[in-house]
Structures are given as structure tokens and as C-alpha cells.
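Keep in mind that this is a model prediction, so the values were computed, not measured. Chain letters run A, B, ... following the sequence lines, proteins first and then strands; every chain starts at 1.
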Amino acid sequence: MTLQIYNTLTRQKQPFEPLDPNLVKIYCCGVTVYDLSHLGHARSYISWDMVRRYLLWRGYHVQFVQNFTDIDDKIIRRSQQENVPWDTITEKYIQAYLDDMARLNVLRADAYPRATQVIPQIIEFIQMLIDRGMAYVADGDVYYAVERFPSYGKLSGRQLDQMEAGASGRLDDEAETKKHHPMDFALWKAAKPGEPAWDSPWGKGRPGWHIECSVMVHEALGDSIDIHMGGQDLIFPHHENEIAQSEGALAKPLSKYWMHNGFVNISGEKMSKSLNNFTTIRAFLDRENAPEPMVLRLFVLQAHYRKPIDFSDEAIASAQNGWHTLKEGLLFGHQFGKQLGWTDTDDASFGMPAAMRIDDTSAPVQRFIEAMDDDFNTPAALAVLFELAKDLQKEGNRLTHDGKSLVDPQTLRQQWQTLVVLAHVLGLEATPAVSQESMGISDAEIEALIQQRAVAKQAKNWAESDRIRNHLKEKGIALIDKPGGVTTWIRES
RNA sequence: GGCGGCAUAGCCAAGUGGUAAGGCAGAGGUCUGCAAAACCUCCACUCCCCAGUUCGAAUCUGGGUGCCGCCUCCA
């Protein structure tokens, strides 16, 4: 069984066979940097990060390139509104994007090309399209002639004649009158006064939205790549136009597979800038009682990447509880390794997924692979993680409450490592609490309070007993009374 | 109008011809002075509706209903 990927281009799942078996080339459509990233972006890039991590784990070499669109109308408008240079805006939001993604444990791309860094190549590419008769100059603008590209519409399943009707409403726009065909789109836009502009054979101007991606794919990865990915809304017109440009210029397939992620909804409605119902990633992660970033990651992964997900407080609360279980499982080794007699718990590499060897033929790993091979079925893959985590959680509680587990320590170790490795493939990671002593109360103080409480309990002074329990609870210490009057305690994470 | 997607328990969500994963929530019990994110057990004879194919369908076919997305910047 090989990995099957749903290809938007063919509208079906296909076996994944990279053009070069030794190197998978991926281009991921990035953000336009004029504002903070929102939860929709989080969903998208968490999904693609998961795809990348899985391919890496399966042994592929992956070259992952993601662009920043750093010149466009919205950036210019923002720069005028705030009265700062356009590249001040873009620098700010590029940094913000990278910071947000780091919090969500999204791996850095191998390269982050920007539109404005490839202007000469864009001009060259446009010239190539003009030379091949695929584009025409009109009054300082350059347009792509869609009628010259016979398979225009193949990605989105549209036909030119069917789209004309819908375009009639925009004919009053001044640019429309310059076009030979209503669906023609700008490759180069002549500069208006005061706008950032670059010199070109057609006069001062800037690139259109779609051309940058064609050029950056070409520059970074070559004529043809394996996977091109982005949000569902990019299928048309963005990706359709990229295909027209790249294939129109190079006469080679732009990408073998096209992957598109589903949207984030808010109460059943699409989250978008135009509807103004979006939440930024940092607003979400920095609000009061905000969940850990991993909760957002888990929430995203609990649905298949192509399906819409609905954002609600209830859904987040559910993910939060789920993450707690997973986290306990992930921290199992750190918490109980010593007690189980594992000898390497102080090693620097302890707990590092890269240093773990797990049994690939074990049932959980096989089930995980089977799920992920089926077009990255993360909900099914997560079921495996939950089962492992619940098992470990149970054994951990036995160790805490009874002081021993009936399961063989090495078996537990295998289970734990399997969980950690598989979770890592999904980008789910828990870090052990740093310093236990720094939490404001020492072990000795705790023991002393437990002694006081024991005295109170013997005197049936329940009020005092509960006061001590609650006091410690506030300090993050949970007391567990066991049969025989013995009380143990744990620091809650 | 054109193209596409989805409908599975209170909620989220897998499964796509062989008799309903997983998560959240919930219920009962154990233990307990209390508490516990502890332990045990339970929780869809049923998969939007109707008709058909089949030994057998949530899964295939036809029809219907409902919801959503794209066709304009958008992950």
C-alpha cells in the first residue's frame, strides 16, 4: 500500500509517485503580508506542515518552498493608510507570520522567496509569454490571453464560455476595457502615481498577483514540481492562472499533484477578511485563559484537511481536554521513566523523537501509516495516538496511586516512544515542565503540610484538612489519599 | 446561472459492499471524611428521506430534501 493523495487536478486519490524518487519538491502558497495571520491561515499551514512531516518520516527528501506575497494592492493601501513605506509593512508581518507559525510548531520552510526579490525574473518570464503569443501589452499593462491556452480551466473544472457571463458585471472597470477577453488577467500592472514601482520594458509598474508564484516555483524548484498546495479558495483563479502561465511559457506540467485545504468556519460561516469575522492567531493564543498552541494544532488535525472545520468555544474546549490526555501520554517517560528503572533518563537525548527507535511493524504504527497513507487521514491517525496515550495515562495513574504498574517497563517504554514519535510526525509535542523547585514551594514544605493535615485528619478536623488541600492545590500540588492513611502528592502540569 | 463539496450518537469526527474507529460530553459503580485529571463498566440494532441493485449497503445506482464553498481579494 502506498501513499494516496487526493489530486484536485484529477479529482481523485492517486498513488504518490514523485517525479524524482529521491526528492519531493513542494511549493506552498504563502500569505500576503499586509496583516496578522488568522485562524484560517493556521489551519492551512498546520495541514501542510503535517503533510511535509509525514513525507519526511516516510523517508522522502523534501524541498519545501513557501512564498511571501510582498507587493499588492492591499499592502499599498495599508502603507498609505499608516503612512509608512510598503516594505516596513511587509517586514513587520513577515516576522509576525514566522512568530505565529513557530508557536504552532510549524517547521520553517526551506526557502521563503518574496515577489519583490524576483522582479527581473518576473519580467523575463512575462517577456517569454509575450514572445510566445500568450500575453499582450496594453497601455503599460500586460495581460495573459486565456484564449491562447487551450486547457484553461482544467484545474477548477470551468470553461471559458461559461465564465464570460459572470464577468459582465465588471466591464465598467477601466482595466476591463483593455482586455481582449474578460477572463484575461494582469501579469504586469502599470504604476499609478505614488505607488511602488519597478522599471520594465512596458514602463514602470509591478507584477500581478499570479505571475510571482509561477516565477518563484521556477526559480526555486524548476520547471515541474511534485506538489503544489494552498487553500481551496486559490483553486480559482490563482492556481488556474499559475498553470496557464507556467505551462504556457514552459510547455511542461507545473505540478503533478495539487492539494487544497478546506476552510475554517465561524458558526457555519466562512471566516474571511471580507466578512470581518476572523480571529488572528495571536489574539486567539494570547487571550485570557488561552489554550496552549498545541490545542489549536490538535483541533485542526481532528478533522480531515479537505473538510471544513467549524470554530466554536465548545470545539476548542473539547480539543483542550483531548490535548490534556495526549500530553500526559507524551510526558509519561519524563514523569515515570526513573521509577520504571529506565537508565537513560538523564541523557541529553532522552525524550527526543529523533533518538527513538520504534517498531515499525507494531500494530499502532501500522494503523497510523494506513490512516496517513489514505490522503493524510489525521482523524483516524489520532485515534491511534489517543489509544496509546490513554493506556499510558492509565499506567501512569497506577504508578502514582499504587506505586507500581503491572505492565513490563520495556513494554511501556515502547508504547511511550511510539506515541512520542507518531505525535511528532503530526507536530504535536509536549515539553516537560522545567524546574520543579521553582514553583514556589519545596518538597520539604509540602511534606510538612501533609503532616499537619494528617494530624488534622486524625482529629477529624476536616475544615483544616481541606484548607491545606486547597492551599496546596493553589500551588499546583494535588494530594492523593490512599488506603491506610497514606497521602502522596504530585505536581500538576 | 455554471462548477464542486457535504449530510454518521448531545457535540466533533473516521469508516465507503460484510455487519458502526477515536475524541469531547454524559450515566452507573468502586474507592473516599472530602477530593482526585484514579479504577471498572455503560453510552448509534443504526448512518437525511424514498426507491432500486445485492445473499448482504451507512457504504453502489436513481430520485428527493437540507447545508456549504468557488465563480471578485482571500489559506
Side-chain angles (χ1 to χ4, degrees), chain A residues 8 11 28-32 34-35 37-48 69 72-74 77 153 156-159 161-167 169-170 173 183 209 229-238 240 260-265 268-275 278 298-299 302-304 306-310 312 314-328 367 371 374 377-387 389-390 393-394 396-398 400-402 456-457 460-463 465-466 469-470 473 478-483 487 490 492-493:
Chain A
T8 306
R11 286 150 204 271
C28 177
C29 264
V31 286
T32 301
Y34 71 103
D35 203 353
S37 301
H38 55 65
L39 295 174
H41 296 115
R43 200 262 169 109
S44 189
Y45 298 115
I46 286 170
S47 298
W48 303 137
T69 295
D72 96 316
D73 291 344
K74 293 183 292 294
R77 199 179 319 136
S156 55
R158 291 155 213 268
Q159 262 138 38
D161 50 355
Q162 287 170 336
M163 288 189 285
E164 276 185 74
R170 305 198 306 272
D173 193 302
M183 296 311 294
W209 174 35
M229 46 182 52
Q232 235 155 40
D233 51 344
L234 297 183
I235 296 172
F236 190 90
H238 186 55
E240 194 70 71
H260 294 96
N261 67 274
F263 282 116
V264 171
N265 293 146
E269 217 178 26
K270 177 186 165 184
M271 170 186 288
S272 79
K273 288 292 168 76
S274 45
L275 290 172
F278 63 94
L298 177 62
F299 172 68
Q302 267 181 318
H304 184 88
R306 280 191 282 118
K307 280 202 167 185
I309 46 176
D310 204 58
S312 66
E314 197 189 359
I316 290 303
S318 172
Q320 211 157 355
N321 289 332
W323 170 241
H324 191 271
T325 298
L326 244 30
K327 188 173 165 183
E328 269 197 35
R367 276 209 294 147
D374 183 14
N377 188 341
T378 52
L382 278 170
V384 177
L385 300 205
F386 272 107
E387 285 167 29
K390 288 225 158 176
Q393 187 182 37
K394 194 201 304 179
N397 283 321
R398 288 216 168 103
T400 303
H401 289 254
D402 303 342
K457 278 176 71 176
K460 296 205 188 296
N461 184 353
W462 306 130
S465 166
D466 289 346
R469 175 190 285 288
N470 291 333
K473 183 91 184 165
L479 299 185
I480 299 156
D481 291 335
K482 299 208 272 201
T487 298
I490 50 171
E492 298 182 318
S493 45

Inset, instruction - List in chain and number order the residues that pass side-chain contact (heavy atoms from CB on, under 4.5 Å) with A:Ser312, two or more places apart in sequence or in another chain; answer none if no residue qualifies. - result: A:Glu314, A:Ala315

Legend entry - Polar side-chain contact A:Thr325-B:G23 base: donor and acceptor under 3.5 Å: no

Inset, instruction - Indicate, yes or no, whether a donor-acceptor pair under 3.5 Å links the base of B:C34 to the side chain of A:Arg469. - result: yes

Answer yes or no: does a side-chain N or O of [X] lie under 4.0 Å from OP1 or OP2 of [N]?
{"X": "A:Lys74", "N": "B:U72", "value": "no"}
{"X": "A:Asn321", "N": "B:A37", "value": "no"}
{"X": "A:Asn377", "N": "B:G15", "value": "yes"}
{"X": "A:Lys270", "N": "B:C70", "value": "yes"}
{"X": "A:Lys460", "N": "B:C34", "value": "no"}

Inset, instruction - May I ask you to say whether A:Arg367 pairs ionically with A:Glu387, meaning some side-chain N is under 4.0 Å from a carboxylate O? - result: yes

When all nucleic acid strands are considered with a 4.0 Å heavy-atom cut-off, which category describes [X]: base, sugar-phosphate, or nothing?
{"X": "A:Gly262", "result": "base"}
{"X": "A:Arg43", "result": "nothing"}
{"X": "A:Leu234", "result": "sugar-phosphate"}
{"X": "A:Leu298", "result": "nothing"}

Filtered N/O pairs between nucleotides 9-12 of chain B and protein, under 3.5 Å:
none

Inset, instruction - Name the residue closer to the 5' end of RNA chain B, choosing between A:Asp233 and A:Arg158 according to the nucleotide with the nearest heavy atom. - result: A:Arg158

Inset, instruction - Indicate yes or no for a side-chain donor-acceptor contact from A:Ser47 to the backbone of A:Arg43 under 3.5 Å, with no hydrogens or angles considered. - result: yes

Legend entry - Counterpart base for B:C31, defined by Watson-Crick or G-U wobble contacts under 3.5 Å: none

Legend entry - Under 5.5 Å and under 30°: A:Trp462 stacked on B:G33: yes

